**Q** 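Take a look at the following structure, please.
In each ligand, atom 1 is the first atom listed, and ligand 1 is the first ligand listed. As the structure is a computational prediction, the values presented were derived from the model and not from experiment. No hydrogens, no waters, no symmetry mates; every other heavy atom, side chains included, goes into these values.
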Amino acid sequence: MPFWTHRKQSAQSGETLVAADPLAVSESSETGRDDSSFGEPNADDILAEARELIMGSERVLIGAGSGLSTAAGLTYSGERFTRNFGPWIAKYGISDLYSSSFYPYPTDEERWAYWAKHVDLSRYEPPAMPLYRQLLDGVHDKDYFVLTTNVDAQFAKAGFDPFQIFATQGDYGFMQCMRGCHQRIYPLDDLVPRMLESTVDCAVPSDLVPHCPVCGGQMMVHLRCDQYFVQDEAWYEAQRRYNRFIQQLQERPDVPTVLLELGVGWNTPSIIRFPFEAIAAMLDIPLIRINYDDARIDTADVSQGFEIQDDIAAVLPKLL
Ligand SMILES: [Zn+2]
């Protein structure tokens, strides 16, 4: 169920504005009742405050997880999955794009046929989704940086400056040695279409199965799933740029700044969720967290936190 809160703390006291049911607020607004006249905070008030902060900011640190792409329409289950994975559903009984990535495909030919389809559906086939474009429209004239666990390249497609993006968990457009024997990744741009064209009975021809050019072993999509994830020079460069951005937050506290966290769940909270709370608390920067499932901000020291538990696709256009 959606709920919105705006927590504000001063040296003397803290206050929390809670709108337990923003939908009910909207309905009452339509009847002409002005909730604010009762002194009660509502979702519209919280939205207005958050919007004002973003509008007035000159610097935005965006943290984005899978919930943003889901809200943008890149869903991992349902009709989009069944429409594209019919033969795989029939053969392996897989039910969604997430759990099927852990399926023990018995041969490399089958594993790559599956991954070519998965990568195409998630990374190559979709255009820049409107929600990502709207996000860029809202921040393009600000000093921004994107920290994301998403591997679908939507930020780059939407036109975000590639030098202002740190995708920590990889990129579906590349592959790496499965054992990470050397720190280099290889583009999949040519291989995936060839695999898709030649897939028969959920398997690619053996001569299309890639092998590590160094150790001769198996290759896999560049996605962090174990200790063998490859961090090449470009990855470390992006990390350095992110660290410089954080350093700037500390060195230039006078620049109005907002932390905007979108769709970051609990799979890997140590990458965005926890650090954003820590940055908000340490540097006294407002944190706006929008999450469909759990928007709670647990760090008590966050001086200004927006917990917007709602659909990002519905909320974000009103914020920017
Ligand atoms: Zn290797």
**Q** Take atom CZ of Arg240 as the centre, draw a 6.0 Å sphere, and report whether it contains more than 12 heavy atoms from other residues, nucleotides or ligands.
**A**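 It does: Arg240 CZ has more than 12 such atoms within range.
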**Q** Quick one: do the His6 and Glu307 side chains pair a donor with an acceptor below 3.5 Å?
**A**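 Looking only at side-chain atoms, Glu307 and His6 do not form any donor-acceptor pair under 3.5 Å.
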**Q** Distance-only, no hydrogens or angles: does the Ser270 side chain make a donor-acceptor pair with backbone N or O of Thr268 under 3.5 Å?
**A**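 No.
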**Q** Leaving waters out, which protein N, O or S atoms fall under 2.8 Å from the Zn ion (ligand 1)?
**A**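 Short answer, with waters excluded from the count: Cys177 SG, Cys181 SG, Cys212 SG, Cys215 SG.
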**Q** Tell me if the aromatic rings of Phe274 and Trp266 count as close, with their centers under 6.0 Å from one another.
**A**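 Centroid distance Phe274-Trp266: below 6.0 Å, so yes.
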**Q** Any salt bridge between Arg111 and Asp108, counting N to O under 4.0 Å?
**A**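 Result for this pair is yes, salt bridge flagged.
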**Q** When the aromatic ring centroids of Phe229 and His222 are compared, is their separation below 6.0 Å?
**A**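 Phe229 vs His222: aromatic centres under 6.0 Å.
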